[in-house]
Amino acid sequence: MKTTIKKWGINGEGIAFHEGKPVFIENAIPEEVIEFDIKRDEDTYLIGEMTRLVEQSSKRRYPLCPIWKECGGCALMHVKYPTQCKMKEGNLKETLIKYADYNGRILPILKNPEPLSYRNSCKLPFGEEYGELYTGMYERDTNHFQKMERCYVHSKLLEQTRQAVLKIMNEHHLKMYDDKKKTGYRTLVMKEFDSKIQIIFVTGKEDLSEEFIHDVTQLEGVVSIWQSVKTETKREVFGDMRFIWGEEKMHLQLEDIQLSLLPRSFFQLNTKQSVNLYNVVKDWMPRSKTTVEAYSGIGAISLFVKDKAQEIIGVESIQDAVDNANENAILNHADNVSFICEDAGSALAHLVQEKDVDTLIVDPPRSGLDDTMKETILKSKIKTMIYVSCNPATLAKDLGVLKKEYRIVKIQPVDMFSQTPHVESVTLLVRNDDYRPRRRFDDRKDRDYKPRRDGNFKPRRRFDDKKDGDYKPRRRFDDRKDGDFKPRRRFDDDKSRRRFDDRKDGDFKPRRRFDDDKSRRRFDDRKDGDFKPRRRFNDDKPNRRYGK
């Protein structure tokens with residue numbers, strides 16, 4: 001079947017329509033004409049597969065990665081970067097209209113300065129082929145494991161180290177995890193900050209050999225090695241953590257903030273864009289008495305805004321992250337910042353009763369705010385709220401609830417994950433009772449409005465001020481009869497600008513014309529005694545030339 005792609009889907013797919021149903025077709029771009037087959041027919045939508053590209057969009061580009069379709073990690077690798085950003089802005093806007101009925105201010109997206117080679121960490125399971133280990137990813141919605149030769153969104157140092165580690169592992173003839181024996185290598189976890197690499201090997205019960213560890217430590221940039229022993233089938237990547245070699249914590253510098261990270265601690269995958277995101281939060285945050293950051297992690301946002309509040313309390317449910325965050329507060333001499341380990345909704349309910357919390361910052365997981373958290377926020381008297389989100393759908397649904405008591409002031413999308421359909425955003429909300437919009441022209445009749453006056457300041461006069469005794473309005477054309485006013489002369493005045501028929505007027509000397517006695521001399525005037533024309537070449541005293 002043949003069709004034209006009409007718009008984007010939220011996962012980067014193209015959407016067409018067939019017999020009244022939307023058809024979701026991967027790797028298709030709006031305005032392209034394609035041929036497709038229907039793979040699955042659901043009640044309200046269809047899943048299609050493109051079989052031939054008939055008319056290609058100018059927004060399509062050649063994808064660098066040879067396995068981008070199979071991997072699924074970079075669903076927009078075939079789309080030019082400016083179009084990726086427009087797609088994300090459009091999807092965010094549509095989602096907010098659909099779930100939050102919001103069609104207000106959305107600022108232009110903050111683009112990624114490095115659309116490739118930006119990712120600072122990876123978690124890749126091991127596979128084995130012909131007795132050699134490799135890393136890869138499972139294809140989306142399948143159990144098929146795709147081998148990864150090279151990843152173009154990993155930082156260059158991270159990717160080089162990943163390939164070097166695999167080479168060393170195969171030189172030592174290491175094997176992938178065997179679920180029956182509970183031995184082998186399950187996952188390779190790596191983090192890179194400030195050109196320093198931390199490696200975590202997730203394994204079965206065996207110990208890492210000294211020879212293998214020694215070879216890994218010789219790699220450039222590697223400063224920390226951990227082992228995580230995991231034999232359970234839970235989705236959690238890590239198990240029992242064992243420190244092997246080097247530095248126990250990773251350290252990174254974000255402007256004037258220093259952070260240390262434990263192996264299990266989470267940090268944004270894009271270091272440069274995370275600084276831009278945190279600065280948006282910092283710029284939008286008002287001066288506060290008490291600020292609460294929910295889902296605070298290692299405390300990066302709280303430390304970025306530490307100078308904007310008298311007291312900042314971070315709330316996180318993972319104890320390791322809380323310990324890490326409190327250490328970071330001490331490291332940055334932030335005496336007004338502290339962190340507690342508790343459920344975010346329950347902790348906020350207690351804090352708003354004990355303290356005068358006037359600003360709330362939330363950075364929840366992709367699932368968004370839970371019901372307890374939203375109910376607590378609505379019942380509180382918190383004046384300002386800043387919502388950092390990585391999922392437009394859950395953001396919009398949460399805003400749809402919060403707008404009962406809060407006004408959405410503005411939203412800033414941030415492209416943290418280039419080549420993917422995901423977008424981060426920051427939303428500023430102000431409680432309805434505390435919202436003071438910017439004055440507009442129709443506010444002049446508002447009784448509580450007084451224009452700026454500072455000594456010698458006189459506001460601009462309006463047309464209805466003409467009767468004011470100390471005011472002389474600008475003269476108009478009908479003021480010519482006023483004795484104290486001399487309007488600009490017009491052509492019909494006695495002494496107006498002379499025209500060609502005024503030449504006989506005794507007091508007027510018009511511009512000389514060619515027929516006047518003393519007009520500009522012509523070539524036949526050369527005999528006139530009072531005229532010396534410009535010398536010509538045939539004159540007695542011609543211009544001197546070279547050699548004369």
Side-chain angles (χ1 to χ4, degrees), residues 71-73 121-148 151 154 158 161-192 197-217 219 222-250 261-267 269 297-298 316-324 341 365-367:
C71 170
S121 68
C122 64
K123 296 179 182 178
L124 300 172
F126 285 106
E128 190 172 338
E129 185 178 53
Y130 304 116
E132 289 193 351
L133 286 176
Y134 63 88
T135 56
M137 295 183 67
Y138 288 97
E139 293 182 19
R140 190 169 63 185
D141 301 327
T142 71
N143 290 324
H144 185 264
F145 192 68
Q146 179 62 49
K147 181 179 180 180
M148 178 186 294
C151 182
H154 288 168
L158 188 75
T161 307
R162 180 190 70 86
Q163 296 179 16
V165 168
L166 282 175
K167 183 178 179 181
I168 294 173
M169 295 180 77
N170 286 315
E171 288 175 351
H172 287 265
H173 306 290
L174 301 178
K175 301 296 182 181
M176 68 174 292
Y177 182 73
D178 187 327
D179 191 46
K180 294 181 179 179
K181 297 180 180 179
K182 306 296 182 183
T183 59
Y185 287 76
R186 304 186 69 153
T187 309
L188 176 64
V189 181
M190 300 176 61
K191 299 179 182 180
E192 186 261 316
I197 300 282
Q198 181 185 71
I199 303 175
I200 306 171
F201 295 102
V202 182
T203 70
K205 296 179 180 180
E206 73 270 30
D207 296 328
L208 306 185
S209 68
E210 293 183 3
E211 294 81 4
F212 170 60
I213 296 300
H214 175 267
D215 289 347
V216 175
T217 61
L219 296 176
V222 175
V223 298
S224 176
I225 298 177
W226 284 73
Q227 180 184 10
S228 178
V229 179
K230 179 189 174 186
T231 57
E232 301 86 0
T233 57
K234 297 178 181 178
R235 293 189 61 184
E236 169 63 32
V237 173
F238 297 114
D240 181 29
M241 302 298 296
R242 299 177 183 177
F243 174 62
I244 303 297
W245 174 88
E247 302 175 8
E248 291 191 41
K249 302 174 185 175
M250 292 293 289
L261 287 82
L262 292 168
R264 299 174 70 126
S265 298
F266 170 79
F267 186 75
L269 301 177
I298 62 170
E316 173 59 56
S317 60
I318 301 175
Q319 185 63 54
D320 286 352
V322 172
D323 295 339
N324 204 168
C341 183
R366 291 188 60 82
S367 56

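Quick note: numbers below take in every heavy atom, side chains included, and nothing from hydrogens, waters or symmetry partners. Predicted model only: the values in this text are computed from it and were never measured. FYI, the numbering just counts along the sequence from 1.
Counting heavy atoms from C-beta outward, L158 and I197 have side chains that approach closer than 4.5 Å. Taking 4.5 Å as the limit, every side-chain heavy atom of L124 sits out of range of all side-chain heavy atoms of Y134. Residues H172 and D215 are in side-chain contact: their nearest non-hydrogen atoms beyond the backbone lie under 4.5 Å apart. You'll find the side chain of N324 stays beyond 4.5 Å of the side chain of R264, heavy atoms only. Side-chain contact check for I199 versus L188: some heavy-atom pair is nearer than 4.5 Å. Between I200 and F238 the shortest side-chain heavy-atom distance falls below 4.5 Å. The closest side-chain heavy-atom distance from F201 to V165 is below 4.5 Å. Using a 4.5 Å heavy-atom threshold, the side chains of V202 and Y185 count as separate.
In this structure, Q198 contributes its side chain and V223 its backbone to no donor-acceptor pair below 3.5 Å. A donor-acceptor pair is defined here as one N or O able to donate and one able to accept, closer than 3.5 Å; such a pair exists between the side chain of K230 and the backbone of E236.
Residues satisfying the salt bridge (charged side-chain N to carboxylate O under 4.0 Å, His left out) criterion with R162, sequence neighbours excluded, are E159. Take E316 and apply the side-chain hydrogen bond (donor to acceptor under 3.5 Å, both in side chains) test, not counting sequence neighbours, and it matches no residue. With sequence neighbours excluded, the residues forming a side chain to side chain contact (heavy atoms under 4.5 Å, CB included) with Q146 are I67, E70, E139, H144, listed by chain and number. When the side chain to side chain contact (heavy atoms under 4.5 Å, CB included) test is applied to E210, no partner is found at least two apart in sequence or on another chain. For Y177, there are no ring-ring contact (aromatic ring centres under 6.0 Å, His included) partners two or more places apart in sequence or in a different chain. Residues meeting the side-chain hydrogen bond (donor to acceptor under 3.5 Å, both in side chains) test with D323, sequence neighbours left out: Q319. Among residues two or more places apart in sequence or in another chain, the side chain to side chain contact (heavy atoms under 4.5 Å, CB included) test is passed with S121 by K191, L269. Residues that satisfy the ring-ring contact (aromatic ring centres under 6.0 Å, His included) test with Y138, not counting sequence neighbours, are F145. Under the side chain to side chain contact (heavy atoms under 4.5 Å, CB included) criterion, S317 pairs with no residue at all, not counting sequence neighbours.
Pairs passing the side chain to side chain donor-acceptor pair (under 3.5 Å) check and including a residue from residues 238-249, sequence neighbours excluded, read D207-R242, K249-E327. Identified under the salt bridge (charged side-chain N to carboxylate O under 4.0 Å, His left out) test for residues 163-179, with sequence neighbours left out: E128-K175, D179-K182.
Taking all atoms of both residues into account, the shortest heavy-atom contact from L133 to L166 is O-CD2, 4.2 Å. The two residues A164 and L219 have their closest heavy-atom pair at CB-CD2, 3.7 Å. A pairwise comparison of heavy atoms in S228 and G239 identifies OG-N, 2.7 Å as the closest pair. Residue G204 comes nearest to Q227 through the heavy atom pair O-NE2, 4.3 Å, listed as atom of the first residue, atom of the second, then distance.
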**Request:** Quick one: do F126 and M169 satisfy side chain to side chain contact (heavy atoms under 4.5 Å, CB included)? Show the steps, please.
**Result:** CA-CA 11 Å; F126 285 106; M169 295 180 77; 3.6 Å; yes
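Distance check: C71 SG to M148 CE gives 5.0 Å after rounding to the nearest 0.5 Å. Atom CE of M176 sits about 9.5 Å away from atom OG1 of T187, to the nearest 0.5 Å. Atoms CG and CG, on L208 and L174 in that order, are 8.5 Å from each other to the nearest 0.5 Å. Atom CE of M190 is separated from atom NZ of K123 by 14.0 Å, given to the nearest 0.5 angstrom.
With a 6.0 Å radius and a threshold of 12 heavy atoms from other residues, nucleotides or ligands, L262 has its CG atom above the threshold.
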